[in-house]
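Just below is one structure, and these are the notes that go with it.
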Amino acid sequence: MDKRSDRVQPIRLTKDFFPLDIHKTMFINDLLITIPSSYVKNWGEEVLNSHNRTNCKWPLIINYQGPKELNKINKKFHAILQLSFPKGRKQISNYRIKWSKDFAIQLAKDYPKSFVRALEYHIGDEYYKNLRYTEFDIGGFKEQLQVKIEWVEEKPILTIKEFFRVKEAFQGFPNIFKELSSYLITDFLLSTEDELSRRIQITEWQNRDNISKEIHENILYMLLNRKSKEIYIGETKQSLSKRYPINKKHHSFNKWTEYSIIQLPPETTDQSRKLIERVLITANSKLFQNNSIIENDILHEYSFKIKNKN
């Protein structure tokens, strides 16, 4: 707000950028965007005339700037800019940028409201098509990025940053949105049964104070103390928030400060989960110092001690 007049200041597009609605194909399946033909035209004839069937695919780095509300963290991701040649379409309409899952994951974390909208539209595909709804007919305001592509020495340079993002205070369910993004539900839902049985999701290291928020069940987990270089491996059918209520002491390792969760496929049985835990403990005990009688801790000079008792 403009404090002097109570007027809302307009969002201004940065020079040489184009606005991009955050949509489903940026998260799910395709992981790509089509560059507007009006923007491509501005590259000029010298650039466009140099593109042909032998010069139509360019690896590039996405220079990504996170949202202002998340402190504008800068990261880089790999992508491909490609020109296709379908019949009946002009050259300027056929430029696309395709990226890998790591950038889709970052977008899901930074724009969770858009991610959940995309997921809802994907799951309710037939329902919404019967209503003749587009993706942006559900979920309220659409969020946008702004994108710039410039050619330097016949190579594209790509910059992507925030244009409009719904602030967390107005997201309605910001914590749920974050959880959905963090666990990559889209990736999980789109897997075949065979892929699902082989897929394992593992979280980043989390501070111990966050454990009360954990809701995922049927998991393996690791408890870590970086300072003392100690680690504990466990399994539980429960969530970690139930397994380790705040301030409850652990039977053999109470000084842990961080944790990471390995989410097992839903059909994993109690017996299988326990077996996997024992294999991990035994395998790591062959490498690191441990509390058991297992010898050959060949990496003990360099790293952690396994706190489990065999």
Side-chain angles (χ1 to χ4, degrees), residues 9-44 47-48 51 57-84 89-122 133-152 155-168 170-171 177 181 186:
Q9 296 298 309
I11 300 172
R12 299 190 184 278
L13 189 68
T14 306
K15 183 181 179 182
D16 297 327
F17 283 73
F18 67 86
L20 173 66
D21 295 341
I22 302 179
H23 54 273
K24 182 167 72 76
T25 57
M26 296 167 65
F27 301 112
I28 303 173
N29 290 343
D30 298 320
L31 308 185
L32 59 77
I33 60 171
T34 298
I35 304 171
S37 58
S38 57
Y39 187 83
V40 172
K41 188 182 295 184
N42 293 329
W43 292 346
V47 170
L48 295 176
H51 298 168
K57 190 173 183 179
W58 304 269
L60 51 76
I61 299 295
I62 300 175
N63 298 299
Y64 174 72
Q65 185 178 100
K68 291 180 292 223
E69 194 174 16
L70 303 179
N71 300 320
K72 293 186 177 180
I73 296 175
N74 295 314
K75 294 186 177 182
K76 295 183 182 296
F77 300 90
H78 292 280
I80 296 290
L81 171 63
Q82 188 163 5
L83 168 63
S84 57
R89 295 189 61 180
K90 295 182 179 179
Q91 176 183 341
I92 58 175
S93 301
N94 297 310
Y95 287 86
R96 291 179 174 82
I97 298 172
K98 185 172 178 62
W99 50 72
S100 57
K101 287 185 179 179
D102 58 347
F103 186 54
I105 291 168
Q106 187 66 51
L107 289 176
K109 289 180 178 179
D110 290 349
Y111 297 88
K113 188 173 179 66
S114 290
F115 174 77
V116 174
R117 182 210 300 270
L119 185 60
E120 169 66 22
Y121 190 71
H122 175 76
Y133 279 12
T134 69
E135 179 181 348
F136 299 114
D137 288 325
I138 60 176
F141 292 111
K142 62 184 177 183
E143 297 178 302
Q144 293 179 303
L145 299 170
Q146 48 183 318
V147 182
K148 180 173 74 172
I149 304 165
E150 53 186 335
W151 292 86
V152 178
K155 295 181 179 180
I157 298 176
L158 174 62
T159 304
I160 297 179
K161 62 182 182 177
E162 174 188 5
F163 188 29
F164 170 71
R165 178 179 184 269
V166 176
K167 292 183 178 295
E168 291 184 3
F170 302 103
Q171 286 179 9
F177 292 158
S181 301
T186 298

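When reading the values below, keep in mind they use all heavy atoms of this one structure, side chains included, and skip hydrogens, waters and symmetry mates. A quick note: this is a predicted structure, and the numbers were derived from the prediction, not measured.
In this structure, the side chains of Pro67 and Tyr111 come closer than 4.5 Å at one or more pairs of heavy atoms. Within the 4.5 Å cutoff, side-chain heavy atoms of Leu13 are placed close to those of Phe163. Using a 4.5 Å cut-off on side-chain heavy atoms (C-beta onward), Asp110 and Phe115 make no contact. For the pair Ile105/Phe27, no side-chain contact is recorded, criterion being any heavy-atom separation below 4.5 Å from C-beta on.
A cation-pi geometry, defined here as NZ or CZ lying under 6.0 Å from the six-membered ring centre and within 45° of its normal, does not hold between Lys161 and Tyr64.
With respect to Ile157, the side-chain contact (heavy atoms from CB on, under 4.5 Å) criterion is satisfied by exactly one of Asn63, Ile62, Ile149: Asn63. Tested against Ser114, the residues His23, Glu135, Glu143, Lys24 include a single side chain to side chain donor-acceptor pair (under 3.5 Å) partner, Glu143. Of the listed residues (Ile97, Leu145, Asp21), just one forms a side-chain contact (heavy atoms from CB on, under 4.5 Å) with Ile33, and that residue is Ile97. Of the candidates Ile92, Val147, Val40, Val40 is the only one forming a side-chain contact (heavy atoms from CB on, under 4.5 Å) with Ile35. Evaluated for a side-chain contact (heavy atoms from CB on, under 4.5 Å) with Glu162, the options Gln146, Gln144, Lys68 yield exactly one hit, Lys68.
Between the side chain of Tyr121 and the main chain of Ile138, no donor-acceptor pair closer than 3.5 Å is present. Looking at Arg89, its side chain never comes within 3.5 Å of a backbone N or O of Ser84 through a donor-acceptor pair. In this structure a side-chain-to-backbone donor-acceptor pair under 3.5 Å is missing from Lys113 to Val166. Proximity of a side-chain donor or acceptor of Arg117 to a complementary backbone N or O of Ile22 within less than 3.5 Å is not detected. Between the side chain of Asn94 and the backbone N or O of Lys90, at least one donor-acceptor pair lies under 3.5 Å.
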Does the side-chain contact (heavy atoms from CB on, under 4.5 Å) test come out yes or no for His78 and Asp102, once each step is laid out? CA-CA 9 Å; His78 292 280; Asp102 58 347; 5.9 Å; no
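Here the OG1-CD1 distance, from Thr159 to Ile61, works out to 11.5 Å after rounding to the nearest 0.5 Å. Within the model, atoms CG of Leu32 and CD of Gln82 stand 10.0 Å from one another, a figure rounded to the nearest 0.5 Å. Between atom CZ of residue Arg96 and atom OG1 of residue Thr25 there is a gap of 10.0 Å, rounded to the nearest 0.5 Å. Atoms CD and CG, on Gln65 and Asn71 in that order, are 11.0 Å from each other to the nearest 0.5 Å.
With respect to Glu69 and Lys167, no salt bridge is recorded, no charged nitrogen being found less than 4.0 Å from a carboxylate O. Here Lys148 does not pair with Asp16 in a salt bridge; the nearest charged N to carboxylate O distance is not below 4.0 Å.
Relative orientation of the Tyr95 and Trp58 rings is parallel, given thresholds of 30° and 60° on the angle between their planes.
Atom CZ of Phe136 has more than 12 neighbouring heavy atoms from other residues, nucleotides or ligands inside a 6.0 Å radius. Around NZ of Lys57, the count of heavy atoms belonging to other residues, nucleotides or ligands within 6.0 Å does not exceed 12.
Shown here for Leu31 and Ala104, the closest heavy-atom pair between the two residues is CD2-CB, 3.8 Å. When all heavy atoms of Trp99 and Met26 are compared, the closest pair comes out as NE1-O, 3.4 Å.
Checking Lys75 against Gln106 by side-chain atom types alone, a donor-acceptor pair falls below 3.5 Å.
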